[in-house]
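In what follows, chains carry the letters A, B, and so on, assigned in the order in which the sequence lines appear, proteins first and then strands, with residues in each chain numbered from 1.
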There are 2 protein chains.
Amino acid sequence: MDKKPAGKSEPPGKRINAKRLAEDLDVSISTISRAFNKDAVIAPETRSKVLDYADRLGYRPNPYAQSLITQKSRIVGIIVSHLENPFYPEALRGLGEALREAGWHVMLFTVPSGETPDDILPLAISYQPEFVIVMAVTVSSRAQEVAERAGTKLIYFNRRDPDSSTFFVICDNAHGGGMIADHFIDTGCRRLAYIAGFQNASTTLDRWRGFRDRCIARGVSDVWREEGFSFSYEAGYRAAIRLMKRHPSPDAVFCASDIIALGCIEALRTEFGLRVPEDVSVAGLDNIEMAAWPSHSLTTYSQPLDRMIEATVKLIEEISIGAESETVAWQIKGDIIVRKSTRPPPGGKRSEVVPDSPA
Amino acid sequence: MDKKPAGKSEPPGKRINAKRLAEDLDVSISTISRAFNKDAVIAPETRSKVLDYADRLGYRPNPYAQSLITQKSRIVGIIVSHLENPFYPEALRGLGEALREAGWHVMLFTVPSGETPDDILPLAISYQPEFVIVMAVTVSSRAQEVAERAGTKLIYFNRRDPDSSTFFVICDNAHGGGMIADHFIDTGCRRLAYIAGFQNASTTLDRWRGFRDRCIARGVSDVWREEGFSFSYEAGYRAAIRLMKRHPSPDAVFCASDIIALGCIEALRTEFGLRVPEDVSVAGLDNIEMAAWPSHSLTTYSQPLDRMIEATVKLIEEISIGAESETVAWQIKGDIIVRKSTRPPPGGKRSEVVPDSPA
DNA sequence: ACGATTGCTGCAAACGATTGCAGTCCATTT
DNA sequence: AAATGGACTGCAATCGTTTGCAGCAATCGT
C-alpha cells in the first residue's frame, strides 16, 4: 500500500516492543523496562537515551503485558446511569480528567434504560478494573459482594449506601436541604413543598430530611412532599402538575435536583400561568451549568464537584497503595447560590450578578 | 503445600485462572481455553463441564492475557472534547451502549480544556484500542498518521476530514442548512444570518455552505455570517450581541448548533428586548433533548443519532473482520423539526411530532 | 592494597491465556 | 485384519512486560 519509509528507519512491519528497543540500543529488555519505571535503579544517561529513542519510535510499554505481570490494571471503571441529567456529564468530565492526570485509565459503562447498574457490574468487572465508581442513584447491596469477589473496589459517587461499608463521596445533601429551607423561610415563604427524585435514592432522602427538619425546627409545619420518581425535566414537569392539584398554591418549591426544578418551573408557568418567583419560589440542588443561564437563573445549592472529585481521586490513590484509609467516606458541604427563581431576600442581595430581563 | 482437595469451595486466596480449572477438572489448559472459544473444536460435554465449573468459581478468561496473545483488545477508545454541548452526552450514551452490545469495551478520554484531541490521542492509543472514535470537532490530519503507526483505526464521528481518507460518520449537514434556509424563506424571512461554531470545524463549514447556497439559489442574497468561535451557550449569547451591532435587525438566525441557538435566543430577548419568533426566527441544528422543552421549543434539524450510531458500529464490525469496506464514510440525512422558535409556515403546521420520512 | 560497598545492568522466571501441530482413541472402510 | 479417517485433547511456544537475584566494574574505607 502507501507505506512511506518514515524518517530514519521503519524496518519490519512489526509492532515495536521492548525487545526491539533493546536490540537497537544494545541494552537488555530489563533496562528498557527500568527506564520507564519511575523509581527503578538505572543510570540517568541510560534512561534518557532509552526514553529519547522510545519517543522517536513512538514506543510505549504494552499495558496488557504490564497488567498481566503486575496484577494491576490501573483501570477505573465508571458506571453511569443517567446521562440525561446534566449533572452527570459534568461530573464525568471532571472525574475523567482528574483520574487520567493521576495515571488511571477510565473505562465507561452506561446503563441502558431497561437495566440497573447491577446488571452492568459483572461486565465492568470482567475487565478487572481496580476500582469501579458507581455514579448512579440506585444500586443493590449485592453489588458490593460481587465486586469484592473479583478483587475490585467499589466507590459510590453522589450516593451512599446505609447498609454497606462501601466507600462513598457525596455532598452534604441534608445541609443543602436545610439551606434552601432557610432561604425560603427568610424570604417570607410559608407554604412549602418538595419534589422528590427516585424514591429510594439517598440523595432524594437526605435532601428531604434536611429540608423538612429545618422547616420544622423553624416552626413551619406546612411542608408538602410530592414524588417525582426520577431526576429529569419531564419528572419535574409532571410532578409539578400533580403537586398543584393536591396541594394548591404553595409559595415555594424545593426540587430534588436542578433539572427537576427546570421542569417544575416550566409547568408552573405554562400549565398554571404562575410567575416565578413572584407567585412561587423554586429552587433546585446541583448547580449545573444551565442553572446559571439567564433564561433559567435558578436558585440552587451547589454540589462541590471539584472537591468531590478531588476526594474521589485521593481515596482511590490511598486505597491503591494499601493505606487502609480511615476516611472511608467523604461528605462535603456546598453553598447556596441565590438567583432569580426565588424571591429576593430582605436585603435584596443575590449571590450572582445576572443580566437584567426586559420589563 | 496447602493444597486442598478440589472439593466444593474456595481453596487458596489466589486468583482463579485456567490452570486452576484445568487441575480441578483434570483436563489441560488448552481445553479450558477452547471451552470459552466459540468456534473451537471441543466435545460438547467437555465444554459444558468446564463452563459450569467456571461459572461456579466465577472464572472468566483474563482479558489481558487474551489481548497479549491475540493482539486484539476488543477495546474502542472514544475521545470526546466538548461534553458541555449536550449533543455529546447523548451521542456518547448511545454509542457506548451500541458498542457494548456488539461486544466491545469502551474506554473514554475527555479532552481537558487547554488541550486538543491530538494531545490525547497518544494516550488513548497506548492502550492499543482497535479503534478510536473521535467525537470532537477539530483534529489535525497528523492524527491519522499517529494512529496508523500504532495499528489503531481512527473514526470520526460528527466530523469529516477533507484531506485524509479517515473513516467518518456524519449527518448531512449541508442538507440541514438547506432545509433551514428553505423554512426561513418559506415563512417570509429575507434578512438572514448564520452564527458559526468553531471556525474550521467541518460541521460549521458544511452547515454554512448548505444554508448559504440554498439562500442564493432562491434569490435571497442578504445572508450575514457571524463567527461564534465555539459550540456553546455563551458563544451563542455573545455572537448574537455582535451580530446585532454589525448587522442590525435580521429576521431569521440559523445557528450552527442547538446550544448556540439557545444562547442566541436568550441574548436577543434580554439584551435587545426582541421576541422570538415574532421579531426574529431562530433555528439550530442537532435536536438535543432540551430543544423540545416547552421553554425553548427550538426549531432545528435533527441529527439522526440512532442511524449514525448504527452506521458506526457496523463500520467497526466490518473493518474488524477484515472486510475492506468500500463505504468508508457515512453521511446520513436528518429531518427538519419545526417548533415555536421560528415563524409558523403559511399553513400553520408545525412538526412537533418528528416526521418519519424514509431515506 | 584489599575487601566491602555502591551503582548499574543482564538473566531468567513469571503472568494467563491462544493455537499449530502432533498424538490418541475409536469407528468405519476396504 | 489392517488401514483410514474423524473427533478430541495435550504439548509447548508465544505474546511483552516486571523484578528478584546475581554479576561486575568502579569507588570507598582503613
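Proximity of B/Trp104 to B/Ile316: side-chain heavy atoms (C-beta onward) are separated by under 4.5 Å at one or more points.
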For nucleotides 23-25 of chain C, which of its nitrogen or oxygen atoms have a protein nitrogen or oxygen under 3.5 Å away, and what is each distance?
none

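If B/Tyr59 and A/Asp26 are placed on DNA chain C by their nearest nucleotide, the residue sitting closer to the 5' end is A/Asp26. Nearest-nucleotide positions on DNA chain D for B/Thr46 and A/Ala18 put B/Thr46 closer to the 5' end. Toward the 5' end of DNA chain D, the nearer of the two residues B/Val27 and A/Leu68, judged by each one's closest nucleotide, is B/Val27.
Other residues, nucleotides and ligands contribute more than 12 heavy atoms inside 6.0 Å of the CD atom of A/Glu115. Surrounding CZ of B/Arg100 are more than 12 heavy atoms belonging to other residues, nucleotides or ligands, all under 6.0 Å away.
One can place CG of A/Asn17 at 5 Å from P of D/dG16, the figure rounded to the nearest angstrom. If you take CD of A/Gln128 and P of C/dC15, they are 14 Å apart, rounded to a whole angstrom. Summarising the geometry, the separation between CD on B/Glu23 and P on D/dG10 is reported as 13 Å, rounded to the nearest angstrom. When the C1' atom of C/dG16 is taken as reference, atom CG of B/Asn62 falls 6 Å away, rounded to whole Å. The OH atom of B/Tyr64 sits 18 Å away from the C1' atom of C/dT18 (whole-angstrom rounding). Atom CD of A/Gln71 is separated from atom P of C/dA17 by 10 Å (rounded to the nearest Å). Atom pair B/Arg20:CZ and C/dC15:P shows a separation of 15 Å (rounding to whole Å applied). Taking atom NZ of A/Lys19 as the reference point, atom P of D/dT14 lies 9 Å away to the nearest angstrom.
Out of C/dT18, C/dG10, D/dT17, the shortest distance to the side chain of A/Ala65 is found at D/dT17. Among the nucleotides C/dG16, D/dT17, C/dT19, the one closest to any side-chain atom of A/Pro61 is D/dT17.
Interatomic distance, CE of A/Met107 versus OG of A/Ser73, reported as 9.0 Å (0.5 Å rounding). One distance of note links OH of B/Tyr88 with CG of B/Leu95; it measures 11.5 Å at 0.5 Å rounding. The OG1 atom of B/Thr312 lies 14.5 Å from the OH atom of B/Tyr156; values are rounded to the nearest 0.5 Å. How far CG of A/Asp26 is from NZ of A/Lys49: 8.0 Å, rounded to the nearest 0.5 Å.
Summary for the helix from C/dA1-D/dT30 to C/dT30-D/dA1: the axes at its two ends, each from 5 pairs, differ by 40° when rounded to the nearest 10 degrees.
Ion pair A/Glu84/B/Arg93 flagged as a salt bridge, since at least one NZ, NE, NH1 or NH2 atom sits closer than 4.0 Å to an Asp/Glu carboxylate oxygen. Ion pairing of A/Asp24 with A/Arg20 is present here, as a side-chain N (NZ or NE/NH1/NH2) and a carboxylate O approach within less than 4.0 Å.
Of the side-chain N and O atoms in A/Gln66, one or more sit less than 4.0 angstrom from OP1 or OP2 of D/dT18.
Donor-acceptor pairing under 3.5 Å is recorded for the side chains of B/Thr31 and B/Ser28.
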Carefully, step by step, assess B/Trp330 and B/Glu310 under the rule side chain to side chain donor-acceptor pair (under 3.5 Å). CA-CA 10 Å; B/Trp330 288 83; B/Glu310 202 180 308; over 6 Å; no

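Within residues 29-44 of chain A, the residues having any heavy atom closer than 4.0 Å to DNA chain D are, in order of number, A/Ile29, A/Ser30, A/Ser33, A/Arg34, A/Asn37.
Between A/Phe87 and A/Phe157, the angle of the ring planes stays under 30°, which puts this pair in the parallel group of the 30/60° scheme.
B/Ser67 comes within contact range of no nucleotide atom at all, as no heavy-atom separation falls under 4.0 Å.
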